[in-house]
Amino acid sequence: AQAEAFDAGLEKRNLLLDGVIRIEVDEDILIRRLAGRRICSECGATYHVDNHPPQVAGICDVCGEELIQRADDSEDTVKGRIDVYKEQTSPLIDYYREKGVLIEVDGSKSVEEVFEDIQNAVN
């Protein structure tokens, strides 16, 4: 219903939706990426246990304070968010695929590669 309302709003303004980008990532990779985030309890600097670890495990490189995992980054919470996505957002994939505007990008690649793939898709 929201997508249909969005389409109606675009049509009312004489605008056309050229594409909808779906960044597809395997569920296991997504969980590992999200559940691996750590934040400094003092200065807010961000890290990732695999992709951007601190020099000393659990300690902020910037201020030396303890790194924490936010409650919304726990594995159980991430899995719950994925379940909500599947239930509520996933139906939009078929909706936009049927309209011929869905652009799918492999999100399991590096940030730079995903960015390049999106640029190529929209150009």
Side-chain angles (χ1 to χ4, degrees):
Q2 287 180 337
E4 291 169 350
F6 180 64
D7 287 347
L10 290 174
E11 187 175 326
K12 184 177 178 180
R13 292 167 182 79
N14 294 320
L15 298 172
L16 178 64
L17 184 63
D18 296 331
V20 173
I21 298 172
R22 174 187 183 212
I23 302 175
E24 186 175 3
V25 181
D26 180 77
E27 199 170 304
D28 292 335
I29 292 171
L30 194 56
I31 291 168
R32 191 169 64 248
R33 285 180 179 174
L34 294 173
R37 290 192 292 197
R38 300 295 183 270
I39 297 179
C40 177
S41 58
E42 183 64 30
C43 73
T46 59
Y47 299 89
H48 190 277
V49 295
D50 296 325
N51 302 328
H52 180 60
Q55 293 175 359
V56 176
I59 303 297
C60 179
D61 295 343
V62 177
C63 71
E65 291 296 321
E66 179 185 14
L67 300 180
I68 59 169
Q69 182 182 40
R70 298 182 329 186
D72 61 339
D73 287 341
S74 74
E75 189 170 325
D76 287 341
T77 302
V78 170
K79 286 178 180 179
R81 288 165 42 199
I82 291 171
D83 289 342
V84 169
Y85 167 82
K86 287 177 183 176
E87 181 183 315
Q88 296 180 5
T89 307
S90 185
L92 292 172
I93 295 167
D94 290 334
Y95 177 83
Y96 286 116
R97 184 178 285 129
E98 288 173 15
K99 292 180 78 64
V101 296
L102 185 67
I103 301 166
E104 299 190 81
V105 174
D106 180 0
S108 66
K109 299 177 180 180
S110 71
V111 172
E112 294 80 15
E113 290 172 307
V114 172
F115 180 70
E116 184 177 334
D117 288 349
I118 291 172
Q119 283 185 312
N120 291 335
V122 298
N123 290 333

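This one's a predicted model, so the numbers in the text were calculated from it and none came from an experiment.
Separation of atoms CD (Glu66) and SG (Cys60) is listed at 11.5 Å; rounding is to 0.5 Å. Thr89 contributes atom OG1, which lies 12.0 Å from atom CZ of Arg81 (distance to the nearest 0.5 angstrom). The CZ atom of Arg13 sits 14.5 Å away from the CG atom of Leu16 when rounded to the nearest 0.5 Å. The CZ atom of Arg33 lies 8.5 Å from the NE2 atom of His48; values are rounded to the nearest 0.5 Å. Here the straight-line distance linking atom CD1 of Ile23 with atom CD1 of Ile21 works out to 7.0 Å at 0.5 Å rounding. The distance from the CG atom of Leu34 to the CD1 atom of Ile82 is 7.0 Å, given to the nearest 0.5 Å.
A salt bridge is defined here as a Lys NZ or Arg NE, NH1 or NH2 lying under 4.0 Å from an Asp or Glu carboxylate O, and Lys79 with Asp76 fails to meet this definition. Using a cutoff of 4.0 Å between basic side-chain nitrogens and carboxylate oxygens, Glu27 and Lys86 are scored as salt-bridged. A salt bridge between Asp7 and Lys99 is present, with a side-chain N of the basic residue lying under 4.0 Å from a carboxylate O of the acidic one. Using a 4.0 Å cut-off between charged side-chain N and carboxylate O, Arg70 and Asp73 make a salt bridge.
Neither Ile118 nor Leu102 shares a network with the other; the hydrophobic side chains, linked directly or stepwise wherever heavy atoms of I, L, V, M, F, W or Y lie under 4.5 Å apart, form separate groups for each. Hydrophobic clustering, with ILVMFWY side chains joined whenever heavy atoms are under 4.5 angstrom apart, keeps Val49 apart from Tyr47. Under the 4.5 Å side-chain heavy-atom criterion for Ile, Leu, Val, Met, Phe, Trp and Tyr, Val20 and Tyr85 are members of the same hydrophobic cluster. Hydrophobic cluster membership differs between Val105 and Val101, with clusters built from Ile, Leu, Val, Met, Phe, Trp and Tyr side chains linked at under 4.5 angstrom.
Counting only distance, with no hydrogens or angles, the side chain of Ser74 and the backbone of Ala35 share no donor-acceptor pair below 3.5 Å. Without hydrogens or angle criteria, Glu113 side chain to Ser110 main chain gives a donor-acceptor distance under 3.5 Å.
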**Test log, rule salt bridge (Lys or Arg N to Asp or Glu O under 4.0 Å), inputs Lys109 and Asp106** = CA-CA 6 Å; Lys109 299 177 180 180; Asp106 180 0; 5.0 Å; no
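Within 6.0 Å of CD on Gln119 lie more than 12 heavy atoms contributed by other residues, nucleotides or ligands. Summarising the local packing, CD of Glu11 is surrounded by 12 or fewer heavy atoms from other residues, nucleotides or ligands at distances under 6.0 Å.
Partner of Cys40 under the side chain to side chain contact (heavy atoms under 4.5 Å, CB included) criterion, out of Asp61, Leu67, Ile59, Ile68: Leu67 alone.
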